[in-house]
Amino acid sequence: EEMSFVAAFLLLTQISLAATAPSPAEIAKKVGDSFLNHSDVFIFWGYGGALVADGLLRANETFGIDYATPLAVHLQAFNTNPASFGYKLLHDEPIPFGGAVGDSLGLFPIVHLRRYETTHSDPNDLRIATIVADKYVLGWPRRLADGTFSRDAAWAGEKDGNHTILWIDDMFMGLTLLSR
């Protein structure tokens, strides 16, 4: 009898939660809107900014939420601001390699590539993705003998002149653009 009560309680709780739970599209809209409302923090040319912007474009495709339009404003700003990587890439200005293959430069072009694949709205998208893939990912200077991306520093004060420090997120950052 106690088991029946517990089972009934759990079933009613599950039904109640299912009836009030927001849909995936509602969650995506709420999170995406928050990212855009705080774009100065979340939409930037870097590792985190790449993942947020890519996620917004995927929400645009999956749920039909128009995040492509506000993201286009940010991408255009990256391409026209002389201090931005986008501008420097398009104008063949030298950009020094950072400490990791994708932290500052190598991952963000997945956003340009995604927009190119889905809309072809800006011819510079493919150009930016290709330049970064060729010059800054495939051209990454710190590698193991087998070609694995490596670092010469793990954190402040931890140096390795042999470039043998491996971080798994470097593999993700370095290979994501290439695999796409």
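Predicted model only: the values in this text are computed from it and were never measured.
Summarising the geometry, atom NZ belonging to K135 is positioned 7.5 Å from atom CD1 belonging to I95; distances are rounded to the nearest 0.5 Å. Between atom CG of residue L126 and atom CG of residue L113 there is a gap of 7.0 Å, rounded to the nearest 0.5 Å. Interatomic distance, CG of D134 versus CG of L178, reported as 9.0 Å (0.5 Å rounding). Going from atom CG of D169 over to atom CG of L107 covers 10.0 Å, rounded to the nearest 0.5 Å. The CG atom of L105 lies 5.5 Å from the CG atom of L89; values are rounded to the nearest 0.5 Å. Distance check, rounded to the nearest 0.5 Å: CD1 of I110 to CD of E117 gives 10.5 Å.
Nearest heavy atoms, A50 versus V111: O-CG2, 3.6 Å. Closest approach of F172 to Y47, counting heavy atoms only: CD2-OH, 3.8 Å. What you find for V132 and P109 is that their closest heavy atoms are CG2-CG, 3.6 Å. Across all their heavy atoms, Y116 and D122 have their closest contact at CD1-O, 4.4 Å. Residues D170 and A100 share a closest heavy-atom pair of OD1-CB, 3.4 Å. The two residues V137 and F149 make their nearest non-hydrogen contact at O-CE2, 3.4 Å.
Between H112 and W45, the ring-plane angle classifies as tilted under the 30° and 60° cut-offs.
Side-chain contact check for I131 versus I128: every heavy-atom pair is 4.5 Å or farther apart.
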### Task
Step by step, work out the side-chain contact (heavy atoms from CB on, under 4.5 Å) result for N60 and T118.
CA-CA 11 Å; N60 186 82; T118 57; over 6 Å; no

### Worked check of side-chain contact (heavy atoms from CB on, under 4.5 Å) between T148 and M171
CA-CA 8 Å; T148 302; M171 303 313 123; 3.8 Å; yes

### Query
Between R180 and D54, is a salt bridge (charged side-chain N to carboxylate O under 4.0 Å, His left out) present by the stated rule, with each step listed?
CA-CA 12 Å; R180 290 187 183 181; D54 187 58; 3.2 Å; yes

### Query
Step by step, would you call R114 with E61 a salt bridge (charged side-chain N to carboxylate O under 4.0 Å, His left out)?
CA-CA 10 Å; R114 181 146 227 49; E61 296 164 26; 3.3 Å; yes

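Of the possible polar contacts, one joining the R127 side chain to the L90 backbone as a donor-acceptor pair under 3.5 Å is found. Side chain of W140 to main chain of S150: a donor-acceptor pair is present (N/O by atom type, distance under 3.5 Å, no hydrogens or angles).
In this structure, L36 is a member of the same hydrophobic cluster as F42, with clusters built from ILVMFWY side-chain heavy atoms closer than 4.5 Å. Both F97 and V101 are members of a single hydrophobic cluster when ILVMFWY side chains are connected at heavy-atom separations under 4.5 Å. A chain of hydrophobic side-chain contacts below 4.5 Å, direct or via other Ile, Leu, Val, Met, Phe, Trp or Tyr residues, connects I27 to V52.
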List the atom pairs, with distances to 0.1 Å, where a side-chain N or O of residues 62-80 and a protein N or O form a donor-acceptor pair under 3.5 Å, not counting sequence neighbours.
residue : atom : partner : partner atom : Å
T62     : OG1  : R58     : O            : 2.9
D66     : OD1  : A68     : N            : 3.4
D66     : OD1  : T69     : N            : 3.1
D66     : OD1  : T69     : OG1          : 3.1
D66     : OD2  : T69     : OG1          : 2.8
Y67     : OH   : K29     : O            : 3.0
Y67     : OH   : D33     : N            : 3.2
Y67     : OH   : D33     : OD1          : 3.0
T80     : OG1  : Q76     : O            : 2.9

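Residue pairs satisfying the side-chain hydrogen bond (donor to acceptor under 3.5 Å, both in side chains) criterion with at least one member in residues 81-102, sequence neighbours excluded, are absent.
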